[in-house]
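Input: a single structure, listed below in structure tokens.
The chains referred to below are lettered A, B, ... by the order of the sequence lines, with proteins before strands, and numbering in each begins at 1.
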Amino acid sequence: MTSIQAQLNHRFTQGFQAAFGPEVAIPQPLIVPASNPKFGDYQCNAALPLAKPLQQKPRDIAQTLLAHVQLGEMCEEPELAGPGFINLRLKPDYLAAQLAAKQGDRRLGVAETKEPQRVIVDFSSPNIAKEMHVGHLRSTIIGDCLARILEFRGHEVVRLNHVGDWGTQFGMLITYLKEAYPEALTTADALDLGDLVALYKQAKQRFDQDEAFQQASREAVVALQAGDEESRKAWQLLCDQSRREFQVIYDLLDIEVTERGESFYNPLLPDVLKTLETAGILQEDQGAQCVFLEGFSNKEGQPLPLIVQKSDGGFNYATTDLAALHYRIHQDEGDRIIYVTDAGQANHFTQVFQVARRAGILTDNVEVVHVPFGLVQGEDGKKLKTRSGETVRLRDLLDEAVRRTREDLDQRLAAEGRTETEAFKQEVAQTIGLSAVKYADLSQNRTSNYIFSYDKMLSLQGNTSPYLLYAYVRIQGIQRKAAGGALAVMPEDLPPVSGIRWRALAVTALLTVVAFVFMDASIRIHHELHTIPLLAEVMRLVGFGYGLWFASRYLLFPSGRRDLRGMVAGWWDECFGPVDALAALPPSPSMASLHLDTEPELVLAKHLLQLEDVLAEVEQELFPNRLCQYLFELSQKFNQFFEQCPVLKAAEPVRSSRLALCQLTADTLKLGLSLLGIRVLDRI
RNA sequence: GGGGCUGUGGCUCAGUAGGAUAGAGCAAGCGCCUCCUAAGCGCUAGGUCGCCGGUUCAAAUCCGGCCAGUCCCGCCA
């Protein structure tokens, strides 16, 4: 299904060409949502910028354009307003038909992209031997959300956790581990590194105080890089411990990410230098290997270097990033590579991308994009700290959100005299608490700093997750009562979405058998034909040619390999069904016909139909707050509808129509929230 | 000194590729539960879009300059 905006756009484009011919450039965007509801639903402002090139009055241009546009069943008679705006109002019947098409569709009519890409999302990226703290919150939440949306749009997403598991700090840690807990290195599980942060702090203290320790640390780095057995074991120990701790957080937040740390690229670093040298951009300066940057200068106005190898032979993180970029383009075959890191690294990325481009690692057919985000600040506007002035552990932060939600819930239940099971209360508190943290982060424009406030994110009114979850719960309440009337049976939540498609399998099997029969036949025929001179050679040539064609089409180039993978994956989906947890929606219980008579119904219906446009936009611009805004407005519009339009008490056929509208709203909320990484509740 | 990001009602923020009277939410004031969860809805008040200039029929949006905040600027990541 194509979105309404896209359909209007299509019709206006055709009308435009009919009116003014192909040589007049069409102003973009041609169709935009109306700036004010009183102007209708959509508007076309194309007449205004054309006044000059066409030497005509904008209103006349608009008239001419309208005379050539076929709007037929979609819109009411278009209005010409002001200096030359064209206002469009959609017909209720058309809206109803469009909505009806979404009923029971697990993707709610949102088409998959026509140009699927392999997208690499680099996010979260905590450091080994340090605990995850607020600093990792935004990358983790935003990265996961973008990955979910891109996956839903039909892209092949690789979620990479570029953990800091390599670098100079390990020298310090290993040296300290050897010094303080030597038994940990010789005996398995001799030491439970329960508190890695404490270990890190102690090591840092030793490092700052003791020069001999500093020296030993530097040597330990070299030993580790050289593959020294003992150092490697210490390193492994630290990594395993950290990994376990990270996983606790990821499980809690329902986040999937594949670890591929900095150490992974270690063997590839010398190749990066070779590549830079071959490209002729590598220079030595004060013993370090550098690439001098274009457009970056230091205080004296000299070109700034990007150091790729230190004077002591060690590599920098820029080198690792270049190696990673190379790997992601040439091995992973990524088309779009997204880095979700704080805004402070903007310089670093433009520098790395520039060097990669000049070295030929990065080519024009690959899109690299830094998705920056601002700091998490406390309510005092400063960097978020605990009362004692330490960085806030992510675990504590999440626990606190859940704890506060629970407290509030208990009070509310007591006030209403309700009794609920412990399991219910826990689930509600956990879902609301964690969703509030996620939503608060995602609903803000990520480029600016954001002020972390439990009171605001857990507030029940305003643009918060509790508000959205409540709107969903209200609908579930209606559905339960409706089902109680034995009219419609609500399906149990989320049946498993994958299953073997016997029919598709049978077709495949049949085709295989047919292929074998044909092969057998052709061999027999071939046998007979052998008597004809030259024919065998010709056939061989044909076979050889096909082999060549196949290799060049499907094996030689990344795009071909992707097509091949796509074909295989397509077949697999056909037979075994998509494991599409995101879009796992229960089918609508009824396929009621919709009647949109009142204003709140129309407003809600129009909003429901904008989902696809919003998702397409987030896919491009990578701003999750747009989706949040959409869902918030949807909840508001539903609440207005709920207030003004009785559902269960309405007479048929209005009742069924409104129930269907409720169902579509619930499905949209559920899908939208799932793309933010938030689960819904049926009852609060 | 150079560069990045930010600056919109008391507070937190939207504002999509310039378009009609700049939108929400919180906080404030007033009102609405015999009716599907009031964790809701309605109404009121509050803005020289940091400042100055330019481009344009039209600028919060584009360009230039300035001011403020913040981050980065040779061997940390």
Side-chain angles (χ1 to χ4, degrees), chain A residues 27-29 32-36 38-39 43 45 48-49 51-52 58 81-85 87 125 127 164 166-169 262 285-290 295-301 304-312 314-318 320-321 341-348 350-351 372 374-375 381 408-409 412 416 418 432 443-445 447-451 453 455-456 459-464 466-467 469-471 473-482 613-614 617 620-621 623 625-626 628-629 632-633 635-636 639-640 642-644 646-650 658 662 683-684:
Chain A
Q28 296 295 331
V32 291
S35 59
N36 187 318
K38 76 175 182 193
F39 299 137
Q43 59 187 78
N45 304 333
L48 294 115
K52 201 166 263 183
F85 300 108
N87 292 337
S125 311
N127 289 317
W166 205 250
T168 33
Q169 81 269 23
E262 292 170 351
D285 192 73
Q286 296 167 36
Q289 296 294 325
C290 315
F296 290 88
S297 54
N298 63 14
K299 287 171 194 168
E300 288 78 45
L304 205 66
L306 185 77
I307 297 178
V308 288
Q309 188 172 28
K310 298 186 279 185
S311 48
D312 67 2
F315 297 103
N316 295 61
Y317 73 125
T320 309
D321 279 344
T341 79
D342 69 286
Q345 296 195 46
N347 272 342
H348 167 70
T350 36
Q351 291 172 359
L375 290 173
D408 186 67
L409 180 68
R412 209 171 285 275
E416 291 173 25
R418 283 165 60 190
I432 294 185
S443 60
Q444 206 116 149
N445 185 321
T447 48
S448 47
N449 293 344
Y450 119 84
I451 295 183
S453 159
D455 288 338
K456 283 204 171 133
S459 167
L460 312 156
Q461 48 263 77
N463 190 5
T464 64
Y467 179 87
L469 291 175
Y470 177 64
V473 163
R474 275 186 140 178
I475 303 173
Q476 296 310 301
I478 295 174
Q479 303 284 25
R480 269 195 304 276
K481 290 218 170 164
D613 288 327
V614 171
E617 196 184 307
Q620 278 310 308
E621 314 290 331
F623 281 104
N625 61 306
R626 302 264 164 77
C628 294
Q629 188 72 23
F632 173 56
E633 283 168 11
S635 304
Q636 277 185 316
N639 277 328
Q640 286 155 10
F642 179 90
E643 214 61 44
Q644 295 174 58
V647 177
L648 297 176
K649 285 191 184 131
R658 289 187 176 165
C662 284
R683 245 163 23 93
I684 299 184

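No N or O donor and acceptor, one from the side chain of A:Asn639 and one from the base of B:A38, sit under 3.5 Å apart.
Look at A:Gln640 and you won't find any side-chain N or O under 4.0 angstrom from OP1 or OP2 of B:C41. Between A:Arg658 and the phosphate of B:C36, there is no side-chain N or O to OP1/OP2 separation shorter than 4.0 Å. In this model, the phosphate group of B:C41 is approached by a side-chain N or O of A:Tyr467 to a distance below 4.0 Å at OP1 or OP2. Checking the phosphate oxygens (OP1, OP2) of B:C76, a side-chain nitrogen or oxygen of A:Lys310 falls inside 4.0 Å. Contact between the side-chain N/O atoms of A:Lys52 and the OP1/OP2 oxygens of B:C57 is found at a separation under 4.0 Å. OP1 and OP2 of B:U6 both lie 4.0 Å or more from every side-chain N or O belonging to A:Ser448. Taking 4.0 angstrom as the limit, A:Asn347 places none of its side-chain polar atoms (N or O) nearer than this to OP1 or OP2 of B:C73.
Glycosidic conformation of B:C66: anti, with the torsion beyond 90° of 0.
In terms of modelled atom types and a separation under 3.5 Å, the side chain of A:Arg658 and the main chain of A:Pro646 share a donor-acceptor contact. With hydrogens and angles disregarded, a donor-acceptor distance shorter than 3.5 Å links the side chain of A:Asp342 to the backbone of A:Gly344. A:Thr464 places a side-chain N or O within donor-acceptor distance of the main-chain N or O of A:Ser459, the cut-off being under 3.5 Å. No donor-acceptor pair closer than 3.5 Å links the side chain of A:Gln43 to the backbone N or O of A:Phe85.
Under the Watson-Crick or G-U wobble criterion, with both distances below 3.5 Å, B:C5 is paired with B:G69. Look at B:G40: its Watson-Crick or wobble partner, with both distances under 3.5 angstrom, is B:C32. Across all strands shown, B:C62 pairs with B:G54; the Watson-Crick or G-U wobble distances both stay below 3.5 Å. Figure legend. B:G18 is base-paired to no nucleotide; pairs are counted as Watson-Crick or G-U wobble with both atom distances under 3.5 Å. For B:U48, there is no paired nucleotide, since no Watson-Crick or G-U wobble pair has both relevant distances below 3.5 Å. Nucleotide B:G25 forms a pair with B:C11, judged by Watson-Crick or G-U wobble geometry with both contacts under 3.5 Å.
Of the candidates B:A24, B:A39, B:U6, B:A24 carries the atom nearest the A:Gln636 side chain, counting heavy atoms from C-beta on. Distance from the side chain of A:Arg626 is smallest to B:U16 among B:A17, B:U16, B:A39. Checked against B:A20, B:A39, B:U6, the side chain of A:Leu460 finds its nearest nucleotide in B:A39. Here the nucleotide nearest the side chain of A:Phe85, chosen from B:U16, B:G19, B:A39, is B:G19. Residue A:Ile307 places its side chain closer to B:C75 than to any other of B:A20, B:C75, B:G15. Taking only side-chain atoms of A:Gln461, from C-beta outward, the nucleotide of B:G25, B:G40, B:C36 with the closest atom is B:G40. For A:Ala346, the listed nucleotide lying nearest its side chain is B:G4; candidates were B:C13, B:A38, B:G4. Of the candidates B:A24, B:U12, B:G2, B:A24 carries the atom nearest the A:Phe632 side chain, counting heavy atoms from C-beta on. Taking only side-chain atoms of A:Gln444, from C-beta outward, the nucleotide of B:U12, B:G15, B:A20 with the closest atom is B:U12. Distance from the side chain of A:Ile432 is smallest to B:A39 among B:A39, B:U16, B:A20.
Contacts of A:Asp285 with the nucleic acid, taken as non-hydrogen atoms under 4.0 Å apart, include base atoms. Nucleic acid contact class of A:Leu648 (heavy atoms, under 4.0 Å, all strands): base. Residue contacts for A:Gly164: at a heavy-atom cut-off of 4.0 Å it reaches no nucleic acid atom on any strand shown. Using a 4.0 Å heavy-atom cutoff across all strands shown, A:Thr447 reaches sugar-phosphate atoms only and no base atom.
A donor-acceptor pair shorter than 3.5 Å can be found between the side chains of A:Gln629 and A:Glu633.
Mapping A:Gln28 and A:Pro646 onto RNA chain B by nearest heavy atom places A:Gln28 closer to the 5' end of the strand. If A:Ser35 and A:Gly295 are placed on RNA chain B by their nearest nucleotide, the residue sitting closer to the 5' end is A:Gly295.
A:Phe632 meets the ring-ring contact (aromatic ring centres under 6.0 Å, His included) test with A:Tyr467; sequence neighbours excluded. Residues passing the ring-ring contact (aromatic ring centres under 6.0 Å, His included) test with A:Phe623, sequence neighbours excluded: none.
Using a 4.5 Å cut-off on side-chain heavy atoms (C-beta onward), A:Asp408 and A:Ile432 make no contact.
Put simply, CD on A:Gln476 and CD1 on A:Ile684 are 11.0 Å apart, with the number rounded to the nearest 0.5 Å. Separation of atoms CZ (A:Phe315) and CD1 (A:Ile307) is listed at 13.5 Å; rounding is to 0.5 Å.
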Dump every N/O contact between nucleotides 29-32 of chain B and the protein below 3.5 Å, one line per pair.
none

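Separation of the C1' atoms belonging to B:G31 and B:G15 is 31 Å when rounded to the nearest angstrom. The same atom, P, is picked in B:A22 and in B:G29; the two are 27 Å apart, to the nearest Å. Here the separation of B:A45 from B:A60, taken at their C1' atoms, is 23 Å to the nearest Å. The gap from the C1' atom of B:G7 to that of B:U61 amounts to 14 Å, rounded to the nearest Å. For the P atoms, the distance linking B:C43 with B:C36 amounts to 23 Å, nearest Å.
For B:G40, the base is not stacked against the aromatic ring of A:Phe642, per a cut-off of 5.5 Å between centres and 30° between planes. Judged by ring centres under 5.5 Å apart and planes tilted less than 30 degrees, A:Phe39 stacks against the six-membered base ring of B:A20.
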